[in-house]
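From a predicted model like this one, the values you see are computed outputs, not experimental measurements.
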Amino acid sequence: MKAATWQGKRDVRVQEVPDPRIEEPTDAIVEITSTAICGSDLHLYEVLGPFMTPGDVLGHEPMGIVRETGNAVPNLKPGDRVVVPFNISCGQCYYCSQRLYTQCERTQVRDQGKGAALFGYTKMYGPVPGGQAELLRVPQAHFGPVKIPESGPDERFLFLSDVLPTAWQAVEYADVPVGGSCVVLGLGPIGQMSARVARHRGAGSVLGVDLVDERLQMAQRHGVDTLDLRTVKDVGEAVRERTDGRGADAVIDAVGMEAHGAPVSTLVQQFATLLPDRVAEKVFAKAGLDRMSALYTAIDAVRRGGTVSLSGVYGGMADPMPMLTMFDKQIQLRMGQANVRAWTDDILPLLTGDGDPLGVDDLTTHRVPLDDASDAYGMFQAKRDGAIKVVLEP
């Protein structure tokens, strides 16, 4: 089969790789019909190379048609249309019973000290071949895949794999009061949907912050007020001016270590990619610097007693946190990978009913053949041609 494979920094190639097969009774094989490039895939494309092996199959936002199941997957049959969550969880262990599916005890990557295995995301989280391919082996298929209606375009449902549950959890963790104020830092796919979910769930005002014209315009189409970082020097002060001098009730950081404006940590990350892999792994895992500017902005912009919700990916271990400010402001901080299956039952009815309350039909900006994955990664990383969300079609 064809698959998008990692070959090195900024080097993604579509190659022929062996077809997956059933290995465990709880496996399924899914023929992929659509699979998206995620913002966190850019971390693999750019800075997390030390944790990758040439030939690794990328991708963790897939959907498709079930072609084969193991004998312990009674809930699926060939021909079912499914979305595959990016985290792999059993649905039965202690953590799954707590709806903390990202911590599944059955798939934890213990030799790396990490939580549940993820599709297509480095040896820190598996490694499990990803979904930017023609076929995907899905472990724990008795629980993970979400069955969806046979009709309707893929993009109506594809984002159940990651974007929608991540945004839903970001808003849940932000604890935005009904009628309250919410700031979303970063208007990539997660930020776009976080802003829309916050509005849908009753936020009185939602303010999105970014510096890319197409992202700002998309947010505005969905009733989100915006701040352009190119014209606003102090986001915290701008937020306080709009909130009676207090700051926002909640701030969602949908940026993470892709934040602009941190040249020192960017240089450290770039230098680490030049080191031998075993040395570079230690630099990233134990002493890596994140680009923390978005988090610092969130802490500044939130009101005293407010909540900061982190959905942006952070990878470093040595970053200074402004603990005095956080303590003094009595800030609540929540974070973590999205526990996808905890939220899909809440979201799916919004995708199958009348209308499009979350605006999912207005998120994909580019749909390209899987064969063009290399160019698509480059376009997405450089934010060329208005690329906000890129979907690959095997």
Can a donor-acceptor pair be found, under 3.5 Å and without considering hydrogens, that links the side chain of [X] to the backbone of [Y]?
| X | Y | value |
| --- | --- | --- |
| Arg106 | Gly91 | no |
| Arg156 | Leu351 | yes |
| Asp362 | Gly359 | no |
| Arg199 | His222 | yes |
| Trp6 | Leu44 | yes |
| Asp249 | Ser181 | yes |
| Ser309 | Val171 | no |
| Asn87 | Ala338 | yes |

Would you call [X] and [Y] a side-chain contact if the rule is heavy atoms closer than 4.5 Å?
| X | Y | answer |
| --- | --- | --- |
| Met193 | Lys389 | no |
| Pro145 | Val30 | no |
| Arg81 | Thr33 | no |
| His142 | Gln92 | yes |
| Met218 | Val224 | no |
| Cys96 | Arg341 | no |

So which atom in [X] and which in [Y] form the shortest heavy-atom distance, rounded to 0.1 Å?
| X | Y | value |
| --- | --- | --- |
| Asp354 | Pro357 | O-CD, 4.2 Å |
| Thr243 | Val239 | OG1-O, 2.8 Å |
| Asp80 | Asn75 | OD2-O, 4.1 Å |
| Ser194 | Ala170 | OG-CB, 3.9 Å |
| Pro139 | Ile88 | O-CG2, 3.9 Å |
| Ser161 | Val340 | O-CG2, 3.9 Å |

So if you build clusters from Ile, Leu, Val, Met, Phe, Trp, Tyr with side-chain heavy-atom gaps below 4.5 Å, do [X] and [Y] land together?
| X | Y | value |
| --- | --- | --- |
| Ile29 | Val17 | yes |
| Val308 | Val235 | yes |
| Tyr296 | Leu324 | no |
| Val360 | Leu350 | yes |
| Leu135 | Leu58 | no |

Aromatic contact, Phe86 with Tyr121 (centres under 6.0 Å) | no

Is it the case that more than 12 heavy atoms not belonging to [X] sit under 6.0 Å from its [atom1] atom?
| X | atom1 | answer |
| --- | --- | --- |
| Lys329 | NZ | yes |
| Gln330 | CD | no |
| Tyr95 | OH | no |
| Arg246 | CZ | no |

Starting at [atom1] of [X], measure out to [atom2] of [Y] and round the result to the nearest 0.5 Å.
| X | Y | atom1 | atom2 | value |
| --- | --- | --- | --- | --- |
| Ile347 | Leu358 | CD1 | CG | 7.5 Å |
| Leu216 | Gln192 | CG | CD | 8.5 Å |
| Arg67 | Ile32 | CZ | CD1 | 10.5 Å |
| Ile65 | Glu150 | CD1 | CD | 8.0 Å |
| Lys77 | Lys147 | NZ | NZ | 5.0 Å |
| Arg242 | Leu207 | CZ | CG | 5.0 Å |

When you check the side-chain N and O atoms of [X] and [Y], is any donor under 3.5 Å from an acceptor?
| X | Y | result |
| --- | --- | --- |
| Asp385 | His366 | no |
| Gln7 | Thr5 | yes |
| Tyr377 | Gln132 | yes |
| Gln98 | Gln103 | no |
| Thr307 | Asp175 | no |

Partners meeting salt bridge (Lys or Arg N to Asp or Glu O under 4.0 Å) with Glu172 (sequence neighbours left out) | Arg201

Between Trp343 and Tyr173, what is the ring plane arrangement, given parallel below 30°, perpendicular above 60°, and tilted in between?
-> perpendicular

List the steps, then state whether side chain to side chain contact (heavy atoms under 4.5 Å, CB included) holds for Phe157 with Val146.
-> CA-CA 10 Å; Phe157 304 102; Val146 181; over 6 Å; no

Output, in order, the C-alpha distance, side-chain angles, deciding distance and verdict of ring-ring contact (aromatic ring centres under 6.0 Å, His included) for Phe143 and Tyr101.
-> CA-CA 11 Å; Phe143 176 72; Tyr101 301 117; 5.2 Å; yes

Walk me through it: do Arg13 and Asp11 pass the test salt bridge (Lys or Arg N to Asp or Glu O under 4.0 Å)?
-> CA-CA 7 Å; Arg13 304 177 201 170; Asp11 186 359; 2.7 Å; yes

Given the rule in the side chain to side chain contact (heavy atoms under 4.5 Å, CB included) test, do Asp210 and Leu229 qualify, once you have shown the distances and angles that lead to the verdict?
-> CA-CA 6 Å; Asp210 208 288; Leu229 281 173; 5.9 Å; no

Not counting sequence neighbours, which residues clear ring-ring contact (aromatic ring centres under 6.0 Å, His included) with Phe119? List them please.
-> none

In sequence, state the C-alpha distance, the side-chain angles, and the governing distance for Glu24 and Arg137, and then conclude on side chain to side chain contact (heavy atoms under 4.5 Å, CB included).
-> CA-CA 10 Å; Glu24 300 289 342; Arg137 171 181 167 254; 4.0 Å; yes

Taking NZ, NE, NH1 and NH2 as the nitrogens, is one of them in Asp213 or Lys383 under 4.0 Å from a carboxylate oxygen of the other?
-> no

Cationic N near anionic O, under 4.0 Å, Arg367 to Glu155 | yes

Test Asn339 against every option in Thr344, Thr166, Thr102 by the side-chain hydrogen bond (donor to acceptor under 3.5 Å, both in side chains) rule and name the one that passes.
-> Thr102

Have a look at Met63 and tell me which of Thr35, Val83, Val84 forms a side-chain contact (heavy atoms from CB on, under 4.5 Å) with it.
-> Val83

Kindly indicate, with the supporting measurements, whether the criterion side chain to side chain contact (heavy atoms under 4.5 Å, CB included) is fulfilled by Met124 and Val109.
-> CA-CA 7 Å; Met124 287 191 295; Val109 187; over 6 Å; no

